Amino acid sequence: MHKDIAEILVSEEQIEDICQTLGARITKDYQNRRPILVGLLKGCVPFMSDLAKHIDLYVDMEYMAVSSYHGGIASSGDVKIKKDLDTSIQNRDVLIVEDIVDTANTIVTIKNLFAHRGASSVKIVTLLDKPAGRLHDFVPDYVGITIPKAFVVGYGLDYDEIYRNLPYVGILKPEVYRRDE
Ligand code: IMP
């Protein structure tokens with residue numbers, strides 16, 4: 001698996017530092033509140049679990065599955081809810097946990113949906129921000145690290161459902177996806 005990676009972009013140590021820093025900021029910003037962390041499956045899983053360990057608050061942890069990618073490397077722009085929340089978010093402070101914000105199609109759609117459902121506040125924390133890919137004027141509230149326009153995998157992010165278990169974030173060798181074209 002590691003041989004398919006051209007370059008490590010965010011190391012395990014950097015990820016740990018990011019989770020500590022963001023966790024401390026979130027703990028401070030949400031003092032005396034009980035936010036709902038909403039992870040967007042499947043990519044959020046490692047980040048949500050590591051980040052949550054550094055949030056010293058009572059939190060709910062919920063998950064939603066949405067898709068805009070269909071196994072390739074370009075966003076389809078069409079966001080579908082594959083698994084909805086199990087709980088109401090009315091009058092709740094929602095913190096959406098994302099692995100990466102690229103075009104922002106997904107996050108803008110879900111943010112609007114949660115506002116429509118009556119959340120008191122909706123903020124976004126993302127491990128990776130890829131602003132060069134944006135199709136919407138959108139800035140996440142909490143960003144782990146800003147990355148250049150490249151297709152990355154690992155630490156939850158996949159190409160064709162593999163590489164999610166890499167402990168770091170890396171740039172996939174272009175020949176890996178070219179051989180599937
Ligand atoms: P957006 O809607 O274009 O912002 O993309 C959000 C989703 O697209 C993420 O949650 C990822 O699942 C996927 N995605 C975007 N960029 C990448 C990438 O570089 N590698 C793997 N998945 C990505």
Side-chain angles (χ1 to χ4, degrees), residues 1-12 14-15 18-19 22 37-52 61-85 94-115 122-181:
M1 178 171 66
H2 297 275
K3 71 174 176 9
D4 295 344
I5 304 304
E7 185 193 331
I8 296 179
L9 207 57
V10 195
S11 69
E12 287 185 73
Q14 277 175 292
I15 292 171
I18 288 169
C19 290
L22 289 181
L37 305 184
V38 174
L40 300 187
L41 295 170
K42 303 170 192 168
C44 73
V45 172
F47 181 48
M48 177 113 154
S49 115
D50 288 342
L51 175 68
M61 292 172 75
E62 297 288 336
Y63 298 90
M64 202 167 166
V66 298
S67 69
S68 63
Y69 271 32
H70 301 282
I73 60 159
S75 175
S76 67
D78 180 18
V79 179
K80 289 189 179 62
I81 296 179
K82 298 201 290 190
K83 179 212 171 295
D84 208 339
L85 294 174
V94 179
L95 183 59
I96 304 176
V97 182
E98 256 287 36
D99 47 2
I100 187 165
V101 177
D102 181 16
T103 63
N105 275 336
T106 310
I107 209 66
V108 165
T109 307
I110 301 302
K111 195 176 171 178
N112 290 342
L113 175 71
F114 286 0
V122 184
K123 289 193 172 183
I124 285 84
V125 54
T126 185
L127 173 69
L128 308 172
D129 190 15
K130 201 158 59 167
R134 280 299 192 288
L135 294 176
H136 301 266
D137 186 12
F138 177 80
V139 180
D141 302 278
Y142 303 94
V143 172
I145 186 167
T146 301
I147 63 164
K149 195 171 167 61
F151 189 77
V152 293
V153 293
Y155 198 67
L157 290 143
D158 75 306
Y159 168 66
D160 227 359
E161 294 302 328
I162 53 176
Y163 306 108
R164 293 192 198 274
N165 55 325
L166 276 174
Y168 52 79
V169 175
I171 298 180
L172 197 58
K173 288 182 180 164
E175 59 260 36
V176 175
Y177 47 84
R178 274 202 209 109
R179 79 183 166 225
D180 294 344
E181 278 171 4

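In each ligand, atom 1 is the first atom listed, and ligand 1 is the first ligand listed. From a predicted model like this one, the values you see are computed outputs, not experimental measurements.
Contacts between D99 and ligand 1 below 4.0 angstrom, taking non-hydrogen atoms only, involve the side chain exclusively. Under 4.0 angstrom from ligand 1, the non-hydrogen atoms of D102 come from both its backbone and its side chain.
Using modelled atom types, one finds no donor on one side chain facing an acceptor on the other under 3.5 Å when comparing D99 with Y155.
Residue-environment remark: NZ (K83) exceeds the threshold of 12 foreign heavy atoms within 6.0 Å.
Judged purely by atom type and a 3.5 angstrom limit, D158 has no side-chain atom pairing as donor or acceptor with the backbone of Y163. Side-chain atoms of T126 do not come within 3.5 Å of backbone N or O of D129 as any donor-acceptor pair. Proximity of a side-chain donor or acceptor of R134 to a complementary backbone N or O of A104 within less than 3.5 Å is not detected.
When ring centroids are compared, Y168 and H2 come within the 6.0 Å threshold.
Interatomic distance, L128 CG to L9 CG, rounded to the nearest 0.5 Å: 7.5 Å.
Using a 4.0 angstrom heavy-atom cutoff, G43 does not count as in contact with ligand 1. Residue V153 places every heavy atom at 4.0 Å or more from ligand 1. In this structure, V152 has a heavy atom closer than 4.0 Å to ligand 1. Heavy-atom distances between D158 and ligand 1 reach below 4.0 Å in at least one pair. Under the 4.0 angstrom criterion for non-hydrogen atoms, G133 is not in contact with ligand 1.
Counting the atoms of ligand 1 from 1 in the order shown, those under 4.0 Å from a heavy atom of T106 are 1 (P), 2 (O), 5 (O), 6 (C). The ligand atoms of ligand 1 that sit less than 4.0 angstrom from a heavy atom of E98 are 10 (O). Which parts of ligand 1 touch A150 is read off a 4.0 Å heavy-atom cut-off, strictly below it: atoms 19 (O).
Partner of Y142 under the side-chain contact (heavy atoms from CB on, under 4.5 Å) criterion, chosen from V97, L127, L22: L22.
In terms of N/O distances under 3.5 Å, ligand 1 is approached by A104.
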